[in-house]
Novice: 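This is the structure I want to talk about, given as structure tokens.
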There are 2 protein chains.
Amino acid sequence: MSELPHILVVDDHREIREAMTRYLKKNGMRATSARDAVDMDAKLANGRYDLIVLDVMMPGEDGLSVCRRLSASGSMPILMLTALGGETDRIVGLEIGADDYLSKPFNPRELVARIKSILRRSTKVEPFAGKLSGRRIAFADWILDTDSRVLSNAEGMQIDLTGSEFKLLTILLEHPRFVLSRDQLLDLSTGRAPSVFDRTIDNQISRLRRKIELDPSRPRIVTTVRGGGYCLAADVRELS
Amino acid sequence: MSELPHILVVDDHREIREAMTRYLKKNGMRATSARDAVDMDAKLANGRYDLIVLDVMMPGEDGLSVCRRLSASGSMPILMLTALGGETDRIVGLEIGADDYLSKPFNPRELVARIKSILRRSTKVEPFAGKLSGRRIAFADWILDTDSRVLSNAEGMQIDLTGSEFKLLTILLEHPRFVLSRDQLLDLSTGRAPSVFDRTIDNQISRLRRKIELDPSRPRIVTTVRGGGYCLAADVRELS
DNA sequence: AGCGCCTGTTACACTTCGTTACAAATCTCT
DNA sequence: AGAGATTTGTAACGAAGTGTAACAGGCGCT
């Protein structure tokens, strides 16, 4: 299991943003593009990003204004793209809170090096166990300790979950009785997009069931919705 | 950083370094200059600095070598000065741990903006030991005395941590329940960028676990997230 | 009933991680 | 300054975890 950093590339030139996202994807990152500030805001409202690459010159709301806004509202790292010679833009951007800048045209290798350097210094926006962090969670006959990743039951049985099993289970526990598709589960647990005939989640669910179901061949806790995905079919309660 | 940041400017051209230090002093900073690596080392041995501005092209030991050395020995922020078009120098510098670069000739205002941007970033990640000297930190069954670097528990057991173990632990303690990648931990604890198959952090974590975990082969305090890094899985509290 | 699709499972290859041992670097003491 | 002790980083090996491929069985539609 590996969580890839997710980069949002905001640039009004389609060729540029497509080339950038392609290159970032080739270098161990998820990349999503937005053509302007409005598109960016919509993307930010619907997803979680680790860093924004932001063009200064854009129609509508310009990059400096966006940078000011983002810096004021949180700790999202920002790498700004400026025109060659756009020195004032660079200075003002840095002064209002951008983490770095790069002048167009730029070497994509430098873009990746700069992004990695910024990410090295920033923390993720979410703890590993998400909203359940630090809690003990009761469901079915199990109690999950989210710190130790240990499942225990009334008979005193204790089961260690692997990282992947644990992540998958916490995602299901955060949405009791909701069907989550395989693509959703893959995205939420690993951040990667599915390949063509991806069976990763099925395999992990099988492994999880082997650990938590009374009879894994007739699952009662993690149920399958054919054509839909998987569902945590139990009440969920926090113990502490 | 309660008082004015102190910048060390390393450049072999006297006019340049004098102009820089003068300008920095006019902009709310203390500034000291050094003409080469030897002079810089002497200055570093006798004083404390918040950031180094480092020219790439210097007689004697060159800037890239100095950068590599400084990154390896601590978390001193470095802003590198490159010749116009010195792109390879920039990329390699960033890859070995420099925080930023600037091409000569540059606008002094941009220099100040960049220095401030770096300082803004670096003060954000100051570990307990730096900012909260004299504190005692409680986590799991341990109490850490940040002055003495001694861990103690309710049974009266006392454990001395080495410098590296202590630094690593305080970084984890600063971000309870967040996954910190190996690259992040390496950067935050030593300031250097990872080599290709770097296992330094793994080894240090193994050593730390041997000291603090009940059963180091089944760690409960410092947990591993496969493909992600390490996580301090406990509540953290300051005692004084 | 037949067929195609969907799902569960097993096995295996590969990746990642833990640990040990040793060399190199650093620290401490005389 | 030098010797010894301690700490830290690197290399190697083995264990654990993960994703892919293949096969079989079940389900739903015609």
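Remember, it's a predicted structure, so these values are computed and weren't measured experimentally. To find a chain, count down the sequence lines: A is the first, B the second, and so on, and within it residues start at 1.
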Novice: Does D:dT18 have its OP1 or OP2 closer than 4.0 Å to a side-chain nitrogen or oxygen of A:Ser164?
Specialist: yes

Novice: Would you mind reading off the distance between B:Leu168 atom CG and D:dT8 atom C1', rounded to a whole angstrom?
Specialist: 12 Å

Novice: Measure the distance from CZ on A:Arg218 to C1' on D:dG25 and round it to the nearest whole Å.
Specialist: 16 Å

Novice: Quick check: on DNA chain C, is the nucleotide nearest A:Gly228 upstream (toward 5') of the one nearest A:Arg210, or the reverse? Name the residue that is more 5'.
Specialist: A:Gly228

Novice: Rounded to whole angstrom units, what separation is found between the NZ atom of A:Lys211 and the C1' atom of D:dT18?
Specialist: 12 Å

Novice: With heavy atoms under 4.0 Å as the rule, sort B:Arg207 into base, sugar-phosphate or nothing.
Specialist: base

Novice: May I ask you to evaluate whether B:Thr162 reaches the phosphate of D:dT8, defined as a side-chain N or O under 4.0 Å from OP1 or OP2?
Specialist: yes

Novice: With sugar-phosphate meaning primed atoms plus P, OP1 and OP2, does B:Val196 contact a base, only sugar-phosphate, or nothing at under 4.0 Å between heavy atoms?
Specialist: nothing

Novice: Between C:dT19, D:dG9, C:dC5, spot the one nearest the side chain of B:Thr200, thanks.
Specialist: D:dG9

Novice: If you check the A:Gln204 side chain, which of C:dT9, D:dT18, D:dT10 turns out closest?
Specialist: D:dT18

Novice: Do the side-chain N or O atoms of B:Ser206 get closer than 4.0 angstrom to the phosphate oxygens (OP1, OP2) of C:dT19?
Specialist: yes

Novice: Can a donor-acceptor pair be found, under 3.5 Å and without considering hydrogens, that links the side chain of B:Asp55 to the backbone of B:Met58?
Specialist: no

Novice: Which heavy atom in A:Thr146 sits nearest to a heavy atom in A:Ser133, and how many Å separate them?
Specialist: OG1-C, 3.9 Å

Novice: What is the distance, rounded to the nearest whole Å, between atom CG of A:Leu185 and atom P of C:dT7?
Specialist: 12 Å

Novice: Could you check how far CD1 of A:Ile201 sits from C1' of D:dT18, rounded to whole Å?
Specialist: 11 Å

Novice: Rounding to a whole Å, what distance do you find between A:Phe197:CZ and D:dT20:P?
Specialist: 13 Å

Novice: Under 4.0 Å between any heavy atoms, over every strand shown, what does B:Tyr230 touch: base, sugar-phosphate, or nothing? Just pick one.
Specialist: sugar-phosphate

Novice: For A:Lys211, run the side-chain contact (heavy atoms from CB on, under 4.5 Å) check against A:Asp160, A:Leu151, A:Thr162 and tell me which one passes.
Specialist: A:Thr162

Novice: Do the side chains of B:Leu102 and B:Met80 get nearer than 4.5 Å, heavy atoms only?
Specialist: no

Novice: Considering every strand and a 4.0 Å limit on heavy-atom distances, what is the contact class for A:Arg182: base, sugar-phosphate, or nothing?
Specialist: sugar-phosphate

Novice: OP1 or OP2 of D:dA11 versus the side-chain N and O atoms of B:Arg199: is any pair under 4.0 Å?
Specialist: no

Novice: Quick one: is D:dA16 close enough that its OP1 or OP2 comes under 4.0 Å of any side-chain N or O from B:Arg226?
Specialist: no

Novice: Between B:Arg177 and B:Asp235, is there a salt bridge with N-O shorter than 4.0 Å?
Specialist: yes

Novice: Rounded off to whole Å, could you give me the CZ-to-P distance for the B:Arg149 and D:dT6 pair?
Specialist: 15 Å

Novice: Is A:Thr224 near enough to C:dT7 that one of its side-chain N or O atoms lies under 4.0 angstrom from OP1 or OP2?
Specialist: no

Novice: Choosing from D:dT20, C:dT19, D:dG28, which nucleotide comes nearest the side chain of A:Asn203?
Specialist: D:dT20

Novice: How many whole angstroms separate atom CD1 of B:Ile205 from atom P of C:dC17?
Specialist: 12 Å

Novice: So which heavy atom on B:Ser33 is nearest to which on B:Arg17, and how close?
Specialist: CB-CD, 3.7 Å

